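Written below as structure tokens is the structure these notes are about.
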Amino acid sequence: MTSDTSPSLADALAAGTVVLDGGMSNQLESAGHDLSDELWSARLLAERPEAVTDAHLAYFRAGASVAITASYQATFEGFGKRGIGRDEAARLLALSVELAREAARRAHAPEVARPLWVAASVGPYGAMLADGSEYRGRYGLGVAELERFHRPRIEVLAAAAPDVLALETVPDADEAAALLRAVRGAGVPAWLSYTVDGRRTRAGQPLEEAFGLAADVDEVIAVGVNCCAPQDVEPAVEIAARVTGKPVVVYPNSGERWDARARAWTGRTTFGAEQVKAWRDAGARLIGGCCRVGPEAIGSIARALTD
């Protein structure tokens, strides 16, 4: 939680490296919460908000300085399918920011002295579909249609006054263009983070082209990748830094793979804290983890970056 005397996240990234949190869903699942429906962790905003605060707090205590809200799959359309009206959906979106703020307040009293920031998650259109589409993109919608989908949620989240909007797990440069349109004039800075396969977005566009969309957008304070394999991070960092000149954000998965049909993770972990120094040296300034990366791993990242 920032104060009048705390630096902005943009200033902190200009000065050095900042530790981001890890996966919200795996932390909630490890605490015994069932996330096996289309709303995923967003369901707990309505049913168990204290569990969301506890998950954020675990990451702050582990060494993270930025918490990403539980709004990745929180959309007006997704809530509507569950019979939740637009007014209540807007309240739950705003609540996601307040829960992260509350975790920051608890972390600051008594143990954490460093600045803490809240990033409001804006997941891709495919996250609302809950069928793995965020790993493919190419939804059959144009940029204007995607902008109309994203803008109302971005406006509600921005009004809740997070420190930054996390435009994350974006699989497609067309969707990135829509998101960048929607954040212009929102009054809150943003980062743009693609999910990638090698040197291309999941939809197949070259990363030079994809990152280039954000190069001249003043609202964007960082660009990078998330929800990808750890081995895809370092090449993407180099491209993002070269193309945009902006600080780079990275938060890959554990290295396991998501089976959308079985709704389960398979394979083995290939993520290690020893990798983060190479990412930092390549230009990464905001570093954390995504799916299957928990507080223990975030603590290891924090220690590695201070060695």
Side-chain angles (χ1 to χ4, degrees), residues 1-2 6 9 12 17-36 39-74 92-93 95-121 123 160 162-164 166 168-169 191 193 226-227 230 249-256 258 265 269 271-273 275-276 286-306:
M1 180 173 60
T2 55
S6 298
L9 181 57
T17 308
V18 177
V19 179
L20 184 57
D21 65 3
M24 170 60 71
S25 61
N26 57 270
Q27 181 60 15
L28 290 169
E29 286 176 331
S30 70
H33 300 288
D34 179 13
L35 305 182
S36 59
L39 286 178
W40 204 29
S41 56
R43 178 172 58 82
L44 297 186
L45 294 173
E47 297 179 5
R48 293 291 302 276
E50 70 282 0
V52 176
T53 300
D54 288 344
H56 289 311
L57 185 58
Y59 283 116
F60 281 142
R61 287 175 171 164
S65 293
V66 182
I68 300 176
T69 63
S71 52
Y72 175 79
Q73 278 179 302
L92 293 173
L93 283 163
L95 178 63
S96 72
V97 175
E98 177 52 34
L99 295 175
R101 289 275 186 227
E102 174 60 22
R105 285 191 286 269
R106 293 186 191 178
H108 273 142
E111 65 229 71
V112 177
R114 66 185 182 277
L116 302 176
W117 295 275
V118 171
S121 174
D163 297 295
V164 62
E168 59 175 353
T169 324
W191 77 62
S193 180
N226 78 289
C227 209
V249 53
V250 298
Y251 47 120
N253 296 335
S254 66
E256 298 161 90
W258 174 249
W265 290 92
T269 297
F271 180 97
Q275 297 163 299
V276 303
L286 181 55
I287 301 176
C290 200
C291 300
R292 308 284 283 180
V293 178
E296 183 177 348
I298 296 303
S300 296
I301 290 172
R303 290 189 293 273
L305 292 174
T306 56

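Keep in mind the model is a prediction, meaning the values are calculated, not measured. Hydrogens, waters and symmetry mates are skipped; everything else that's a heavy atom, side chains included, is used.
When every heavy atom of A120 is checked against every heavy atom of S71, the shortest pair comes out as C-OG, 4.2 Å. Taking both residues in full, the closest heavy atoms of A12 and V18 are given as CB-CG2, 3.9 Å, listed atom of the first, atom of the second, then distance. The nearest pair of heavy atoms linking P230 to N253 is CG-O, 3.4 Å. V293 approaches S254 most closely through the heavy-atom pair CG2-N, 3.8 Å. Across all non-hydrogen atoms, the minimal contact from A103 to H56 is CB-CB, 3.4 Å. Closest approach of L57 to A107, counting heavy atoms only: CD1-N, 3.7 Å.
Interatomic distance, M24 CE to I68 CD1, rounded to the nearest 0.5 Å: 9.0 Å. Here the CD1-CD distance, from I301 to Q275, works out to 9.0 Å after rounding to the nearest 0.5 Å. Once rounded to the nearest 0.5 Å, the distance linking OH of Y72 with OG1 of T169 reads 4.0 Å. Summarising the geometry, atom CD1 belonging to I287 is positioned 5.5 Å from atom OG1 belonging to T17; distances are rounded to the nearest 0.5 Å. Between L92 atom CG and E47 atom CD the span is 10.5 Å, to the nearest 0.5 Å. Here the CZ atom belonging to R106 is positioned 5.5 Å from the OG1 atom belonging to T53, to the nearest 0.5 angstrom.
Residues meeting the side-chain hydrogen bond (donor to acceptor under 3.5 Å, both in side chains) test with Y59, sequence neighbours left out: none. Partners of E98 by side-chain hydrogen bond (donor to acceptor under 3.5 Å, both in side chains), not counting sequence neighbours, listed by chain and number: R105. By the salt bridge (charged side-chain N to carboxylate O under 4.0 Å, His left out) test, R292 is found to be paired with E256, residues two or more places apart in sequence or in another chain being considered.
For the pair N226 (side chain) and Y251 (backbone), a donor-acceptor distance under 3.5 Å is absent. Between the side chain of H108 and the backbone N or O of R114 there is at least one donor-acceptor pair closer than 3.5 Å. Using a distance-only test at 3.5 Å, with no hydrogens or angles considered, no donor-acceptor pair links the side chain of D163 to the main chain of A119. At distances below 3.5 Å, at least one donor-acceptor pair connects side-chain atoms of T69 with backbone N or O atoms of S121.
Side-chain contact between C291 and C227: present, with at least one pair of heavy atoms (C-beta onward) separated by less than 4.5 Å. The shortest distance between side-chain heavy atoms of V164 and W117 does not fall below 4.5 Å.
Under a 4.0 Å N-O distance rule, the pair D54/R61 does not qualify as a salt bridge.
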